Amino acid sequence: MSSKSAPFRETFFVSSQMQVETRADGSITVTPVLALDPFKPNIPEELADWSAKIPEHTYLAQRPKGGGPWIRQTYAETKRQSDAIAQWLLDLKIEPGRSLLILSGNSIAHATVKFGAMTAHVPVCPVSVNYSLMGGDYGRLKHVIKLVKPAVVFAESAAMFKAALETVDFGDAVIVTDDPAALERPATPLAAILKTPVTEAVAKAIETLDPDAPSAYMLTSGSTSLPKAVVQTQRMITANLAQGRQVLGPTAGWSDVMLDWLPWNHVSGAFTQMGVLTSGGTLYIDGGLPIPGRFQESLDNLKEIAPAFYVNVPLGYTLLADALEKDPSLREAAFRNMRLALYGGAGLPQALYDKLQDIAVATMGKRVFFTTGYGATETTSGCMSIYFPTEEVGIGLPMPGLTVKLVPNGPRYEVRMRGQMIMSGYLSNPDANRDIFDEEGFYRTGDTAQFHDPTDIHKGLKFAGRLAEDFKLSSGTWVSAGRLRPQILEAFAPLLADVLVGGEGHSYVALLAWPSAAGKAMGEALPAQIAERLATFNTSRGVTERVERILLLEEPPRADAHEVSDKGTINQRVALARRAKDAQRLYAEPPHPSVILPTASK
């Protein structure tokens, strides 16, 4: 049976009918006909409700350091501990304008501290662990401290964060950690805080929580500059969660079990953590990562947990496809319950999608429905999705509660958004806030999109690149690197893991590329194979889409150099700037012997 003729496993999606308005200036607004379901704009109240309904049900589970059986925490335990933390914070009488900074990665303690801060009306700011572990001058961490003004800093592991805690000036912030004795500075043990007697002040704080006050400061990636802090409110967060529950929840099974590695300092991971909470489910915290050497733990967990809903980034799906081909027992476990798979943003190559579906059909005779969670830190999390029958990857359509405005930009549309889940602005950044919204209050995402079928908007949108990644050739012609990159990855699958699209100031486009595991396995035959693919790829393409040279990179992208984000995506501009010597070799005349040219050019 062809995978494309195989049926999908059962899905439970709501109506995706859209109200479409085409304006005189060519812009288009797209709004779901279906209204957003009512929701409670109060996460601490949701936790209280679920802890009363299912007190002994496991909410969170994580492996101990070094491996071993899962450590579990129930809804009742989460409620009790977060209330103790909230009481301790209320007793501190933290002045307005201060925050609670979380340095730690995903953990039961991280979640408990976050909910305690939300309960006490203290904005919480989780930061990438890389900010504390990379060393150097800790420039990004210092920037965040100055921006969010923490009154409390939670670093779960004193041993892990010792260097940062003893080097960086946190001002008068109280440091909370597991082992204060390991530090040469004063700190408060988390265990002692969890014993704080809870008074009626906590229940009152939950009852009086302002849904439109700052509740979280979520940091942008800071890939091309220092990170900005997006002010997220309880209304934003819960509106976004309501979107996901209404559109994806019934198929995803968030009320059952989930397995996820996405970092909670990023909005996608934070969404999953709270989405499970507001559905009464169980979240297994995956300690693996979609990078070589760290992915086996994720595979082992996938075998054991076998969730109905699977989330990963394109690199993670590439690694998963390779592992599934080699391991029959993994295939059986992975597809035992899986009904829905989500990929971040817009970057899943069609060829990779087809490969995963082929494996699914060969394993269980049915396809898995793939969707997306397209959005940004500024939109709380993903607020567009694919919840309609399609064979195409893309960014889908707006979910209930969101209106998308598409503004013509050459052959593409600039994407703008308006809804309850959209931020009102960045923290203490009037310059950025001045330009981020248009005259109608739509948030300018900086992304572009195209319709899969211009005659039928209901077939959804596909990503067409970021405006910030566009560059000019020496001729003055614009190149859309974000639009070109997925085409390249699809054409060269499975030989290349990722590419950097260069050419700014030059007369042609060229690539720096990382070979995949499959590509490396070809050994000395790889360059010739790439040269042949390159010649085929360039057929009938204009100068803005032709690739004249490729140079294979040996050093993998480095997170500590900000080339790769916490969620495994590559930052084009940072990586190109860091690899300037490779770029010089790529464009050297005559061509360097290591540079691959199209077969027809030799």
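Values below: all heavy atoms of this structure, side chains included; hydrogens, waters and symmetry mates excluded. For clarity, every value in this text was computed on a predicted model and none was experimentally measured.
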Side-chain donor-acceptor pairs of residues 409-417 under 3.5 Å, sequence neighbours excluded:
unit_1: R412; atom_1: NH1; unit_2: T448; atom_2: OG1; d: 3.2
unit_1: R412; atom_1: NH1; unit_2: A464; atom_2: O; d: 2.9
unit_1: R412; atom_1: NH1; unit_2: S480; atom_2: OG; d: 2.9
unit_1: R412; atom_1: NH2; unit_2: D470; atom_2: OD2; d: 2.8
unit_1: E414; atom_1: OE1; unit_2: R416; atom_2: NH2; d: 3.1
unit_1: E414; atom_1: OE2; unit_2: R416; atom_2: NE; d: 3.2
unit_1: R416; atom_1: NH1; unit_2: D438; atom_2: OD2; d: 3.0

Minimum side-chain heavy-atom gap S99-Y217 below 4.5 Å: yes

Between W261 and N106: side-chain donor-acceptor atoms closer than 3.5 Å: no

K405 and R23: CA distance, side-chain angles, deciding distance, side-chain contact (heavy atoms from CB on, under 4.5 Å) verdict: CA-CA 10 Å; K405 181 163 72 171; R23 299 176 174 181; 3.7 Å; yes

Salt bridge K355-D358, side-chain N to carboxylate O under 4.0 Å: no

Mutual orientation of the aromatic rings belonging to W254 and F309 [parallel < 30°, tilted 30-60°, perpendicular > 60°]: perpendicular

I422 and L402, any side-chain heavy atoms less than 4.5 Å apart: yes

Donor-acceptor pair, side chain of S279 and main chain of G275, under 3.5 angstrom: yes

Q243 side-chain N/O to P400 backbone N/O, donor-acceptor pair under 3.5 Å: yes

Within-4.5 Å side-chain heavy-atom neighbours: Y374 and M399: no

Close side-chain approach of N240 and F271, heavy atoms under 4.5 Å: yes

side-chain contact (heavy atoms from CB on, under 4.5 Å) assessment of H121 paired with L209: CA-CA 7 Å; H121 307 180; L209 189 151; 3.9 Å; yes

N42 side chain vs Q234 backbone, donor-acceptor pair below 3.5 Å: no

T251 (side chain) donor-acceptor with L248 (main chain) under 3.5 angstrom: no

Side chain to side chain, T278 and I43, heavy atoms closer than 4.5 Å: yes

From OG1 (T372) to CG (L342), nearest 0.5 Å: 6.0 Å

Contact list for residues 231-243, test salt bridge (charged side-chain N to carboxylate O under 4.0 Å, His left out), sequence neighbours left out: D212-R235

L597 and R549: CA distance, side-chain angles, deciding distance, side-chain contact (heavy atoms from CB on, under 4.5 Å) verdict: CA-CA 5 Å; L597 306 175; R549 298 181 179 187; 3.5 Å; yes

Partners meeting side-chain hydrogen bond (donor to acceptor under 3.5 Å, both in side chains) with T31 (sequence neighbours left out): T403

Within-4.5 Å side-chain heavy-atom neighbours: L356 and F370: yes

4.5 Å side-chain heavy-atom contact, K40 and E46: yes

Check: S385/T371 side-chain N/O donor and acceptor closer than 3.5 Å: yes

Which residues share a ring pair (Phe, Tyr, Trp, His ring centres under 6.0 Å) with F13, sequence neighbours left out: F369

Under 3.5 Å donor-acceptor, Y343 side chain and G394 backbone: yes

Salt bridge present between R578 and E563 (N-O < 4.0 angstrom): yes

Spatial distance of atom CG (D498) from atom CD1 (I488) [nearest 0.5 Å]: 10.0 Å

Distance in Å, I237 CD1 paired with Q420 CD, rounded so as to fall on 0.5 Å steps: 13.0 Å

Short side-chain to backbone donor-acceptor contact, R444 and D435, under 3.5 Å: yes

Partner set under side-chain contact (heavy atoms from CB on, under 4.5 Å) for D354, not counting sequence neighbours: K4, Q350

Side-chain touch M423/M218, heavy atoms, less than 4.5 angstrom: no

Lys/Arg-Asp/Glu bridge criterion (N-O < 4.0 Å) met for E391, R367: yes

Stepwise side-chain contact (heavy atoms from CB on, under 4.5 Å) check, L34 with Q246: CA-CA 10 Å; L34 194 65; Q246 183 174 352; 3.4 Å; yes

Nearest-0.5 Å distance, CG of residue L406 to CZ of residue F442: 9.5 Å

Under 3.5 Å: donor-acceptor pair, side chain of H452, backbone of G396: no

Minimum heavy-atom distance A6-V361, with the two atoms named: CB-CG2, 3.7 Å

Check: E490 side chain, L352 main-chain N or O, donor-acceptor pair, under 3.5 Å: no

Electrostatic pair E10-K366, nearest N-O below 4.0 angstrom: no

Qualifying ring-ring contact (aromatic ring centres under 6.0 Å, His included) pairs with a residue from residues 492-513, counting only residues at least two apart or across chains: H506-Y587, Y508-Y587

Short side-chain to backbone donor-acceptor contact, S516 and P494, under 3.5 Å: yes

Any donor-acceptor N/O pair, R533 side chain to A491 backbone, under 3.5 Å: yes

Inter-residue atom distance M236.CE - E378.CD, 0.5 Å rounding: 9.0 Å

